[in-house]
Amino acid sequence: MKQLSGLTTIITGAGRGIGRAIAIALGNEGCNLVLISRTLSQLNETASMVNNNTIKIECIAADISKESDINSIHNEVVSKFGNVDILVNNAGVGYFAKTVADMDIQKYDEMFNVNMKGLFLMTKKFLPMMIKKNRGDIVNISSLAGRNAIEGGAVYAATKWAVIGFSKSLMLEVRKYNIRTITICPGSVNTTFTGTESDNLSIPQPSDIAKVVVEALLMPRNVMISEIDIRPTNPQK
Ligand code: NAP
């Protein structure tokens, strides 16, 4: 029996990219999966890529920036699974502009509403179940943009700095309930996040990020890897 077998795991942004890779990897580890994004067809595609027919998979189309959608996710999880063990806050959007003066206000709102407020709402909603069980894991996908300055990406970077500040504080608040907060900070990953996937294999692939997440979750319960930076070893342009 695998260590993570049977653990109910919610993954936001599981329709493609990093979230999809995390779903496939955790499904292979035996986790039951709740897959979330706004596009049901992509979630169903992710579910079909999980190579484990012994687990339960639920796909829920929802916008994590809306509290009403989070309430629906919560109701669905309670009725179908009863509980949650692992929450992977991965969904995110990124828009870039030549300067801050060119940044659209709606795009500003969307980035903060998804990258930070959505992550907060999901955490707030599912934390009580973990506190009650005195156990849980929350994986927050931030970015190296949450540690560094990005020319043309001031707002995106601000959302990811916010995620790190939130996650560090959350970690201090909930470790006493045996809840681990694991913050992942990747640099460029080969997804369609900023356009099209490339054939650049010198940067991390989504499956590499998923491997790191699995390894962190597999650490003994008395060990929390609280923050992980992931860089390419030798990036080629
Ligand atoms: P991606 O391929 O664009 O996937 C993003 C996922 O989030 C999609 O499934 C998308 O589905 C979902 N999503 C977006 N808005 C949502 C909303 N309002 N409600 C629910 N789901 C939503 O991006 P990715 O590259 O895998 O990025 C995943 C995470 O890693 C993001 O937080 C990103 O900031 C972070 N990251 C990415 C990179 C990179 O280079 N790729 C580097 C560092 C950090 P729908 O649009 O269908 O809802």
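The basis for the numbers below is simple: all heavy atoms, side chains too, and nothing from hydrogens, waters or symmetry mates. Note that ligands are numbered from 1 as they come in the structure, with each ligand's atoms numbered from 1 the same way.
Residue V114 touches ligand 1 through its side chain alone, judged by heavy-atom distances below 4.0 Å. With a heavy-atom cut-off of 4.0 Å, T191 touches ligand 1 through its side chain alone. Residue P206 does not touch ligand 1, judged by heavy-atom distances below 4.0 Å.
Distances from atom 42 (C) of ligand 1 to the heavy atoms of G187, G92, S188, G15 put G187 nearest.
Near A62, with a cut-off below 4.0 Å to any heavy atom, the atoms of ligand 1 are 19 (N), 20 (C).
Regarding atom 46 (O) of ligand 1, its nearest protein heavy-atom neighbour is R38 NH2, 2.8 Å.
In this structure, K66 does not count as a contact residue of ligand 1, since none of its heavy atoms falls inside 4.0 Å of the ligand. Taking a 4.0 Å cut-off on heavy atoms, C185 fails to register as neighbouring ligand 1. Note on ligand 1: A145 sits outside its first shell, no heavy atom being nearer than 4.0 Å. Using a non-hydrogen distance threshold of 4.0 Å, G118 does not register as a contact of ligand 1.
Here the two rings, on Y156 and Y95, have centers that are 6.0 Å apart or farther.
For residues 208-218, there are no side chain to side chain donor-acceptor pair (under 3.5 Å) pairs, not counting sequence neighbours.
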